[in-house]
Amino acid sequence: MSEPTQYRFSFGPWNISEGADPFGPDVRQPVSMEAKFDLYRPLGFEGVQFHDDDVVENLEELSPEQALKRAGEVKSMLDDRGLIPEFVAPRLWFPTETIDGGFTSNSAADRQYAIDRSLRSIDIARAVGTKNIVLWLAREGTYIREAKNAKVAADRILGALNQMLDYDQEIEIWIEPKPNEPMDHTYIPTIGHALTLAYASKDPARVSGLIESAHAILAGLDPSDEMAFALAHNKLASVHLNDQNGLKFDQDKAFGSVNLRSAFNQVRVLEENGYGKNGEFVGLDVKVMRTQKGQPCLDHLKNSRETFLYLVEKVRTYDRSQEKAFIEARDYEGLDAYILRHLMGVS
Ligand code: 3MF
Ligand code: MG
């Protein structure tokens with residue numbers, strides 16, 4: 001039997017937040033990026049997820065040279081703390097130019113902005129020490145169906161992907177699907193869409209997927225099946241584990257906090273398929289409750305990581321011979337009860 005996977009964990013600095021929501025302001029003091037880096041290792045995390053402007057704050061006010069110099073400084077901060085930049089994602093949803101989308105905007109000038117910004121974030125990624133680019137295509141979609149031509153949009157997204165692949169022959173692009181929010185509907189809602197783009201691209205080996213639990217749930221899908229589909233194609237580059245209570249705004253709740261069984265099945269699929277054995281991170285993308293006291297608030301990260309590790313134990317102690325017997329007897333009622341009892345710790 002192969003050695004058990006030693007999982008390593010990542011999160012993005014936005015997971016330590018000030019607590020503003022669309023209906024109320026901040027409830028906590030901001031924490032500087034460098035102070036956030038100090039928190040990673042003690043919490044059991046070694047990977048840092050980045051947006052381009054998490055690496056280089058005020059990116060748009062700086063020249064390319066200034067931005068790369070700053071990215072080099074951030075790399076030193078990471079090196080000093082034994083931290084690894086997992087990926088950089090262009091933030092294609094804040095700037096004015098991206099109001100109507102990035103690659104699929106109806107404005108040619110704004111589409112060009114999105115391409116330029118994406119290429120710039122590749123330079124920043126290389127300078128901070130990663131070849132991995134995440135595309136969460138936040139505003140590539142519509143509020144009303146008639147606003148854009150969906151066929152043209154699909155062509156434009158593929159074109160942008162190919163330009164990024166051409167720009168740097170060593171980068172990998174991980175597409176993070178999400179079906180809605182901020183848009184009514186997006187053009188890349190599921191891993192099936194993301195991997196179709198990967199295979200259609202000019203270098204399929206360098207394009208894969210990142211699955212966030214909440215995003216799959218918002219699409220009405222099972223996160224572990226989405227993960228399994230990507231794993232079957234050897235295209236699960238990363239995950240953003242969290243939870244989501246039904247179809248509403250993207251909640252980014254602590255992993256397992258709504259549906260422990262679904263969390264178990266996500267861990268099961270990862271563990272059974274050797275996820276993490278090639279250095280893939282177990283990424284979290286979780287939001288602390290606005291009500292939480294403390295400065296900074298970190299328990300949502302600590303608890304999500306621990307829940308993952310407890311569930312790894314549940315997967316490793318799951319009785320495969322019983323599972324097999326139930327499946328062979330086609331006794332799924334028995335299997336169902338066995339899983340629940342195993343999760344509850346009773347036999
Ligand atoms: C949105 C997300 C994003 C992406 C990240 C990468 C803010 O629902 O999950 O988190 O994970 O931004 O672009
Ligand atoms: Mg995410």
Side-chain angles (χ1 to χ4, degrees), residues 9-22 33 36 45 47-57 59 85-95 98 101-103 114 117-118 120-122 124-125 128 130 132-141 157 160-161 164 171-191 194 207-219 221 223 226-227 230 236-245 247-255 266 280-288 300-301 304:
F9 297 86
S10 74
F11 69 86
W14 62 89
N15 287 243
I16 302 173
S17 66
E18 291 85 62
D21 69 16
M33 196 55 78
K36 287 184 182 178
F45 290 79
V48 185
Q49 309 164 15
F50 282 111
H51 295 114
D52 49 5
D53 57 3
D54 294 322
V55 181
V56 181
E57 284 170 70
L59 175 60
E86 187 192 5
F87 64 74
V88 171
R91 199 189 290 277
L92 293 175
W93 55 96
F94 268 30
T98 62
F103 308 138
R117 173 92 185 225
S118 302
R120 203 173 178 196
S121 70
I122 293 173
I124 289 171
V128 82
T130 179
N132 307 322
I133 306 296
V134 164
L135 286 181
W136 169 45
L137 298 170
R139 296 192 191 276
E140 312 302 358
I157 294 172
L161 200 61
M164 293 173 73
I171 57 152
E172 282 194 24
I173 299 179
W174 305 348
I175 301 174
E176 180 178 347
K178 181 176 180 183
N180 66 299
E181 202 211 31
M183 308 312 292
D184 179 30
H185 285 280
T186 68
Y187 291 129
I188 309 296
T190 72
I191 197 65
V207 185
S208 51
L210 183 162
I211 291 172
E212 175 161 326
S213 325
H215 296 180
I217 296 164
L218 286 167
L221 298 171
E226 289 282 276
M227 289 172 190
L236 187 61
S238 194
V239 290
H240 280 179
L241 300 184
N242 57 17
D243 215 340
Q244 170 74 28
N245 197 6
L247 300 182
K248 50 181 79 156
F249 62 93
D250 184 7
Q251 295 182 297
D252 296 342
K253 291 167 87 76
F255 182 52
Q266 291 170 62
E280 302 92 341
F281 280 96
V282 174
L284 299 178
D285 199 354
V286 286
K287 216 174 272 163
V288 67
H300 59 307
L301 291 160
S304 293

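We count ligands from 1, going down the list as the structure has it; atoms in each ligand are counted the same way. Keep in mind it's a predicted model, so treat the numbers as computed, not measured.
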Atoms of ligand 1, numbered as shown, that sit under 4.0 Å from any heavy atom of [X]:
X: D250; value: 8 (O)
X: H240; value: 11 (O)
X: K178; value: 1 (C), 8 (O)
X: A89; value: 6 (C), 13 (O)
X: W14; value: 5 (C), 7 (C), 10 (O)

- Query: Between K178 and D250, does at least one N-O distance fall below 4.0 Å, as a salt bridge requires?
  - Reply: yes
- Should R91 and D54 count as an ion pair when the cut-off is N to O under 4.0 Å? yes
Would you mind naming the N, O or S atom of [X] nearest to the Mg ion (ligand 2)?
X: E176; answer: OE2
X: D285; answer: OD2
X: E212; answer: OE1
X: H240; answer: ND1

Return the residue, atom name and 0.1 Å-rounded distance of the protein heavy atom closest to [atom].
atom: atom 12 (O) of ligand 1; value: H51 NE2, 2.4 Å
atom: atom 10 (O) of ligand 1; value: D285 OD2, 3.2 Å
atom: atom 9 (O) of ligand 1; value: E212 OE1, 2.8 Å

Answer side chain, backbone, both or neither: which part of [X] comes under 4.0 Å from ligand 1, heavy atoms only.
X: R91; value: neither
X: E176; value: side chain
X: W93; value: side chain

- Item | Donor + acceptor pair across side chains of N242, E212 (<3.5 Å) | yes
[X] side chain near [Y] side chain, heavy-atom distance below 4.5 Å:
X: H215; Y: P177; answer: no
X: P90; Y: L135; answer: yes
X: L218; Y: Q244; answer: yes
X: P22; Y: F249; answer: no

- Compute the ring centroids of W136 and H51, then answer whether they are less than 6.0 Å apart. no
- Message: Applying side-chain hydrogen bond (donor to acceptor under 3.5 Å, both in side chains) to D243 and Q251, what does each step give before you reach the verdict?
- Response: CA-CA 7 Å; D243 215 340; Q251 295 182 297; over 6 Å; no
- Query: From S213 OG over to E226 CD, what is the distance, rounded to the nearest 0.5 angstrom?
  - Reply: 11.0 Å
